[in-house]
Amino acid sequence: MRKGLLIIFIILPALSRAEDGYDLWLRYNKISNTAILSQYKKQINSPVVFGSTQTVAIIRTELGRAFSGLTGTPFRILSSIDKASSFIAGISTSSAILSSIVTKDELIRIGKEGFIIKTRPGKTIITANTEIGVMYGVFHFLRLMQTYQPITGLSIVSAPKLKLRLLNHWDNLNRTVERGYAGFSIWDWHKLPDFIDKRYVDYARANASIGINGTVLTNVNANAVILTKPYLEKVKALADLFRPYGIKVYLTARFSAPIEIGKLRTADPINDTVQLWWQQKVKEIYELIPDFGGFLVKANSEGQPGPQDYNRTHADGANMLADAVAPFNGIVMWRAFVYSQTSNDRFKQAYEEFKPLDGKFKKNVLVQVKNGPIDFQPREPFSPLFGAMKQTPLMMEFQLTQEYLGQGTHLVFEVPMFKEVLNTDTYSKGKGSTVAKVVDGSLDNYSLNGMAGVSNIGNDINWCGHPFAQANWYSLGRLCWDHGLSSAQIADEWIRQTFSNDKSFVETVKKIMLQSHETLVNYMTPLGLTHIMYNGHHYGPMPWGNTLNRPDWNPVYYHKADSIGIGFDRTPTGTNALAQYSSEVQRQYDDIDKCPEDYLLWFHHVPWKHKMKSGRTLWDELCYKYYTGVDSIKAIQQQWNKMNKYIDPERFGHVAQLLGIQVKDAIWWRNACLLYFQTFSKMPIPAQYEKPDKTLEYYQNIRILYAPGN
Ligand code: GCV
């Protein structure tokens with residue numbers, strides 16, 4: 001072969017695949033630092049993994065791929081030890097070497113899913129009580145390698161803080177995804193069970209690598225068809241594939257399924273025939289999927305059927321399903337996202353319906369609560385249900401998909417927002433009763449506990465649409481495993497694995513990510529404004545929205561701007577929603593002069609000339625926040641534009657283009673909101689700011705008819 005031709009053949013494979021983001025944080029690129037590389041090599045010689053199950057095969061494949069990629073030399077993973085072996089993994093009973101380095105106490109501490117990693121000079125030992133635990137340990141070790149951390153002197157004993165670590169897909173059977181901004185559903189129901197998309201395996205790998213152990217496959221706005229035999233066969237195919245990765249499948253149960261697919265005349269939960277129908281249906285599911293996780297249910301909310309249709313309570317409905325799955329160790333996650341029009345304040349609705357039911361749910365029921373009282377807004381105070389239902393395990397529901405956070409086009413790292421909620425003190429059992437402790441069960445002693453993230457995954461080649469949205473998926477797993485991890489730590493490890501370990505790149509991008517949420521809050525809903533997005537699809541501003549049938553679907557309901565001021569009075573002079581919190585929390589918010597300003601308009605109707613902590617009037621502060629938001633996103637754009645030399649042109653360009661949209665959108669948000677609120681305040685935008693270049697009318701006439709996910 002001629003030399004020139006040879007070069008083309010060598011170069012072509014490298015050029016043939018443009019960087020598309022498909023590999024997520026599991027890239028295993030060759031370590032560029034030679035000192036680190038040679039140190040690592042000593043710890044991973046002749047690697048051996050004991051065992052012969054499917055999970056062990058998965059671990060071997062992953063290690064082979066990772067070690068070969070990271071070192072640039074091919075690795076084969078052995079099943080029995082040889083003289084040179086310096087990397088040894090397996091369950092603790094599989095070899096004397098493994099059992100000798102762990103104590104009984106450590107093995108108890110790690111439980112079924114935790115792991116132990118210990119290193120000695122020239123030896124790495126990873127062990128656990130189960131092979132799934134070994135797998136998590138191996139992924140942890142690979143994370144250390146991918147992020148260039150030391151891998152000597154390790155003594156890690158790690159167990160997940162939460163038992164249920166779940167993704168909730170809002171995926172429909174026709175492959176549309178409610179609030180999905182990354183294409184269609186990855187579940188190709190039409191071709192299942194016979195066609196197994198390679199993506200299902202990569203989905204499982206990615207989840208396993210961050211400790212996610214369950215997936216609810218279907219939308220909470222449920223379709224009963226998923227519970228029919230042909231669809232259960234499809235679900236079985238996915239469950240079989242996910243099992244060796246430690247992932248259980250769950251389904252959403254449509255409450256009226258006994259009528260729709262069972263041909264019964266009622267779905268009343270205390271009707272014997274209905275109960276029998278569910279019991280038989282559950283038996284059918286478990287015959288196919290012996291480790292089926294259970295059901296997630298949205299009932300009597302936004303038009304979904306539920307037990308209240310028969311004058312029964314949420315507890316009656318949940319308990320009927322709980323009884324059906326209990327013999328198989330299944331669980332029911334019953335959502336508290338309800339807001340029928342019986343309350344004078346949507347904020348109060350979930351508490352009013354659920355608090356009286358505390359203690360009435362069966363042992364295998366968790367009530368799944370959104371982080372805030374309304375609906376995944378850019379900033380919400382914690383839902384007052386956290387801390388109020390001491391006799392019921394409450395599962396946290398976060399939304400990864402960015403329905404109210406700029407959807408597929410805005411760069412927002414959500415962890416600071418999640419941590420703000422998790423770290424808030426409910427005072428339900430005195431100081432230190434944080435939301436995190438309610439959720440992880442430590443406050444009220446629940447071993448059944450969990451956290452769910454509404455998935456942001458679709459069939460886009462890079463899984464999540466926006467390259468940075470992958471970080472939010474990644475974060476869910478990491479926070480479920482350890483909600484004590486800081487936002488900076490999670491961002492740092494994600495950046496290093498996903499893009500580059502270059503110090504300047506990591507530091508700049510970490511700063512961008514850590515500022516991104518506050519930046520969005522400032523240009524969308526500062527000072528506690530909420531739900532002023534466009535009707536229906538929720539993309540873009542519509543603070544003037546006032547045409548929908550229900551008052552609480554309209555933005556004007558939430559901001560209540562008038563000639564006096566702006567904001568929702570939830571103190572005793574208003575709806576008194578504050579009374580749903582403990583007295584300590586009430587005291588933090590009830591005084592207009594002391595209320596943290598980030599939450600001010602959530603709890604107070606504030607006069608336009610009210611003096612803020614900065615000394616500005618409320619109106620000037622509102623302007624300041626909106627202008628700061630735009631300035632910050634422009635600064636982020638500039639910082640990103642300097643990152644081209646560190647990473648591939650494809651992902652660099654993708655993010656750069658989206659930041660262009662984000663800057664435009666931020667200006668749109670700022671101008672539209674300020675011009676509209678100005679019609680009430682009648683005060684000028686301070687002279688130092690550039691004036692909006694369009695009229696309010698212009699913004700009010702913008703129509704986005706076909707935003708995705710709607
Ligand atoms: C799945 C919001 C969303 C809906 C979603 C609902 C829920 O209202 O806009 O799309 O429905 O929350 O969480 O059930």
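The figures here come from the full heavy-atom set of this structure, side chains too, leaving out hydrogens, waters and symmetry mates. Both ligands and their constituent atoms are indexed starting at 1 by order of listing.
Some N or O of Arg335 is nearer than 3.5 Å to an N or O of ligand 1, by distance alone.
The atoms of ligand 1 that sit less than 4.0 Å from any heavy atom of Val220 are 1 (C), 14 (O). Of all atoms in ligand 1, listed by their number and element, those nearer than 4.0 Å to a heavy atom of His538 are 9 (O). For ligand 1 and Glu178, the ligand atoms under 4.0 Å from any heavy atom of the residue are 1 (C), 4 (C), 5 (C), 10 (O), 11 (O). Each of the following atoms of ligand 1 lies closer than 4.0 Å to a heavy atom of Phe337: 6 (C), 7 (C), 8 (O), 12 (O), 13 (O), 14 (O).
Checked by atom type and distance alone, the side chain of Asn456 never pairs as donor or acceptor with a backbone atom of Cys464 at under 3.5 Å. At distances below 3.5 Å, not a single donor-acceptor pair connects side-chain atoms of Asn522 with backbone N or O atoms of Thr519. Under a 3.5 Å cut-off, the side chain of Asn364 and the backbone N or O of Gly330 do form a donor-acceptor pair.
At a 4.0 Å heavy-atom cut-off, ligand 1 does not touch Phe376 at all. Here Val454 has no heavy atoms under 4.0 Å from ligand 1, in either its backbone or its side chain.
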Can I get a per-line list of side-chain donor-acceptor pairs under 3.5 Å for residues 367-376, giving both atom names and the distance, sequence neighbours left out?
{"unit_1": "Gln368", "atom_1": "NE2", "unit_2": "Asn168", "atom_2": "OD1", "d": "2.9"}
{"unit_1": "Gln368", "atom_1": "NE2", "unit_2": "Glu397", "atom_2": "OE1", "d": "2.5"}
{"unit_1": "Lys370", "atom_1": "NZ", "unit_2": "Asp375", "atom_2": "OD1", "d": "2.7"}
{"unit_1": "Asp375", "atom_1": "OD2", "unit_2": "Tyr404", "atom_2": "OH", "d": "2.8"}

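Note: Tyr203 and Trp187 meet the aromatic proximity criterion, with ring centroids under 6.0 Å apart. Ring centers of His531 and His559: at least 6.0 Å apart, outside the cut-off.
For atom 3 (C) of ligand 1, the closest non-hydrogen atom on the protein side is Glu403 OE2, 3.3 Å. Atom 2 (C) of ligand 1 has as its closest protein heavy atom Asp375 OD2, 2.9 Å.
With sequence neighbours left out, Leu241 forms a side chain to side chain contact (heavy atoms under 4.5 Å, CB included) with Ile196, Tyr200, Val201.
Atom 13 (O) of ligand 1 has its nearest heavy-atom neighbour, among Glu302, Lys298, Lys370, in Lys370.
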